[in-house]
There are 2 protein chains.
Amino acid sequence: MRDAIATQERLLLAARRRFADQGFELTTVREIADDAGVNVALISRYFGGKEDLFARAVAIDLQLPDLSAVPQEQIGARLVEHFFRRWEGEPADDLLRVLVRTAATHPAAAARVADIFDSQVRPLVAMLAGDGEAAQRASLVATQVLGLAYCRYVLSLKSNELTRASTHRMIGETIQRYLFAPLAA
Amino acid sequence: MRDAIATQERLLLAARRRFADQGFELTTVREIADDAGVNVALISRYFGGKEDLFARAVAIDLQLPDLSAVPQEQIGARLVEHFFRRWEGEPADDLLRVLVRTAATHPAAAARVADIFDSQVRPLVAMLAGDGEAAQRASLVATQVLGLAYCRYVLSLKSNELTRASTHRMIGETIQRYLFAPLAA
DNA sequence: CTCATAAGTCAACAGGGGTTTACATGGAGG
DNA sequence: CCTCCATGTAAACCCCTGTTGACTTATGAG
């Protein structure tokens, strides 16, 4: 019954959900504790405080797929597919939504996004498209992928719900261009 | 010296700056009042409260350019150019930044973005590309433009600062595709 | 069974936030 | 010059939030 580790995990889960839905500032530690079914004071006890709980909640790995066996001309489509699965997977995965939403106002989350970009996205792009232009190509990819996430999962602009297949295709082609098309000034 | 209208405008200006930099929740009415050089109580007196001041601060017009005389093949580039000017204009125009940042957590701002999308972006796209697929094409454009804004002006990911010319070009081509390329499922 | 300790609870505190109320002040019309 | 009202000020109010410290309860080892 009394399991400290399980309690911490319930708190982390509830925290991610709340932060993903409401952002950092609007979420109160009492809400999180109630969702988790535990006492508020345990947040301070186990994590140090709200900030520390948040830091733990956004320590996220993109889990980028292995693309070594994918033909080059399919990579864009494959990446988009991967992200849609990540965003809409069952059970609903708040891991990325919490980042995109909170990064808008919380410096730690913004720093985490920049960090993920540097340590996960850019190396992958460098491997795919060569070192020289990797940073810029990765930036372009980031604008499109984060923009998609922002519109769909933060703002909930549902205007294109019906035609996800062609959204897939159009955005996959964009990623493909950002990765491999010439960048001529 | 005592000019109620001028005071309200100073408050609105200060509010937009603060909201654009910090978002809604982290901004205090005392900060805004101090920036404007007026007393805090005047915010409640003139606007009703912080929420109402915010609503006034985000009542924004995109001022989309007239594209009737622009050759079709240049429209994407022209739109990107327009947005860069809007974002980086002198004096710094917080009008759009405040929306993209605050929409992440504040329902009123998110609603305003959706409203701008419906009343300004979609009609323009419909005019350019025909009514049938306007909604979906406009959504695609929104993901790319908002993503660019989010990365550059909210997160301040500066990785591509050096090569703005080709960023312009690459993203312009994307917009062009989203507007005119076939959407085949 | 006992009891030491980890796990969890409770209530209070301190700070900051938006808002309101009562008061002061300046400037135009009589 | 005086008066009245819009403009601006100062201080208090009240609620909410994160945090803390003292207290209680369960659990497992001896």
Side-chain angles (χ1 to χ4, degrees), chain A residues 1-59 98 101-102 104-109 111-112, chain B residues 1-59 98 101-102 104-110 112:
Chain A
M1 202 60 167
R2 285 188 152 188
D3 184 343
I5 295 175
T7 302
Q8 292 173 33
E9 270 163 15
R10 284 219 304 282
L11 281 171
L12 269 175
L13 208 68
R16 283 204 195 92
R17 254 203 292 265
R18 285 285 180 179
F19 288 144
D21 286 343
Q22 310 173 340
F24 178 78
E25 292 83 10
L26 289 180
T27 300
T28 72
V29 289
R30 289 177 223 268
E31 282 176 336
I32 296 173
D34 287 352
D35 290 353
V38 309
N39 191 279
V40 206
L42 293 185
I43 288 178
S44 290
R45 193 212 266 317
Y46 286 142
F47 297 94
K50 186 188 183 187
E51 283 285 350
D52 307 84
L53 173 60
F54 179 72
R56 287 282 304 273
V58 298
V98 61
R101 171 159 267 138
T102 57
T105 55
H106 200 293
R112 183 78 192 116
Chain B
M1 201 60 165
R2 284 190 153 187
D3 184 343
I5 295 175
T7 301
Q8 292 173 33
E9 272 163 13
R10 284 218 305 279
L11 281 171
L12 269 176
L13 207 69
R16 284 206 193 92
R17 254 203 293 265
R18 285 285 180 179
F19 288 143
D21 286 343
Q22 310 172 339
F24 178 78
E25 293 84 10
L26 290 180
T27 300
T28 72
V29 290
R30 291 180 166 89
E31 282 175 336
I32 296 173
D34 286 352
D35 289 354
V38 309
N39 191 279
V40 206
L42 293 185
I43 288 178
S44 290
R45 190 209 269 315
Y46 286 140
F47 297 95
K50 187 188 182 186
E51 283 285 350
D52 308 82
L53 172 60
F54 179 72
R56 287 283 304 275
V58 298
V98 63
R101 171 160 267 138
T102 57
T105 55
H106 201 292
R112 183 77 193 116

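Residue numbers begin at 1 in each chain, while the letters A, B, ... track the order of the sequences.
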Within this structure, what is the [atom1]-to-[atom2] distance between [X] and [N], rounded to whole angstrom?
| X | N | atom1 | atom2 | value |
| --- | --- | --- | --- | --- |
| B:Asp52 | C:dG18 | CG | P | 13 Å |
| A:Leu53 | D:dT17 | CG | P | 16 Å |
| A:Leu11 | D:dT19 | CG | C1' | 15 Å |
| B:Glu25 | D:dG18 | CD | C1' | 17 Å |
| A:Leu26 | D:dG18 | CG | C1' | 15 Å |
| A:Ile32 | D:dG18 | CD1 | C1' | 11 Å |
| B:Asp3 | C:dG27 | CG | C1' | 13 Å |

Sugar-phosphate only, base, or nothing, as touched by A:Tyr46 at under 4.0 Å among non-hydrogen atoms: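 Sugar-phosphate contact only - A:Tyr46 comes under 4.0 Å of backbone atoms but never of a base.
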Sugar-phosphate only, base, or nothing, as touched by B:Ala41 at under 4.0 Å among non-hydrogen atoms: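 Since a base atom lies under 4.0 Å of B:Ala41, the category is base.
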Residue-phosphate contact under 4.0 Å: A:Thr7 side-chain N/O, C:dG8 OP1/OP2: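 True: A:Thr7 side-chain N/O within range (under 4.0 Å) of C:dG8 OP1/OP2.
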Test side-chain contact (heavy atoms from CB on, under 4.5 Å) applied to A:Phe47 and A:Arg56, step by step: CA-CA 8 Å; A:Phe47 297 94; A:Arg56 287 282 304 273; 4.0 Å; yes
Residue pair B:Gln22, B:Arg17: steps toward the side-chain contact (heavy atoms from CB on, under 4.5 Å) verdict: CA-CA 9 Å; B:Gln22 310 172 339; B:Arg17 254 203 293 265; over 6 Å; no
Distance-only polar pair, side chains of A:Glu25 and A:Thr105, donor-acceptor under 3.5 Å: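 On atom types as modelled, these side chains qualify, holding a pair under 3.5 Å.
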Compare the minimum distances between each of [options] and the side chain of [X], then state the nucleotide with the smallest one.
| X | options | result |
| --- | --- | --- |
| B:Lys50 | D:dT25, D:dG18, C:dT19 | C:dT19 |
| B:Val29 | C:dT19, D:dT7, D:dT25 | C:dT19 |
| B:Arg2 | D:dT17, C:dT19, D:dA6 | D:dA6 |
| A:Thr28 | D:dG18, C:dC10, D:dA10 | D:dG18 |
| A:Asn39 | C:dA12, C:dC10, D:dT7 | C:dC10 |

Under 3.5 Å: donor-acceptor pair, side chain of A:Gln8, backbone of A:Ile5: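 Not a single qualifying donor-acceptor pair exists.
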Flag side-chain contact, heavy atom, 4.5 Å: B:Arg10 against B:Val38: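 B:Arg10 vs B:Val38: side chains touch.
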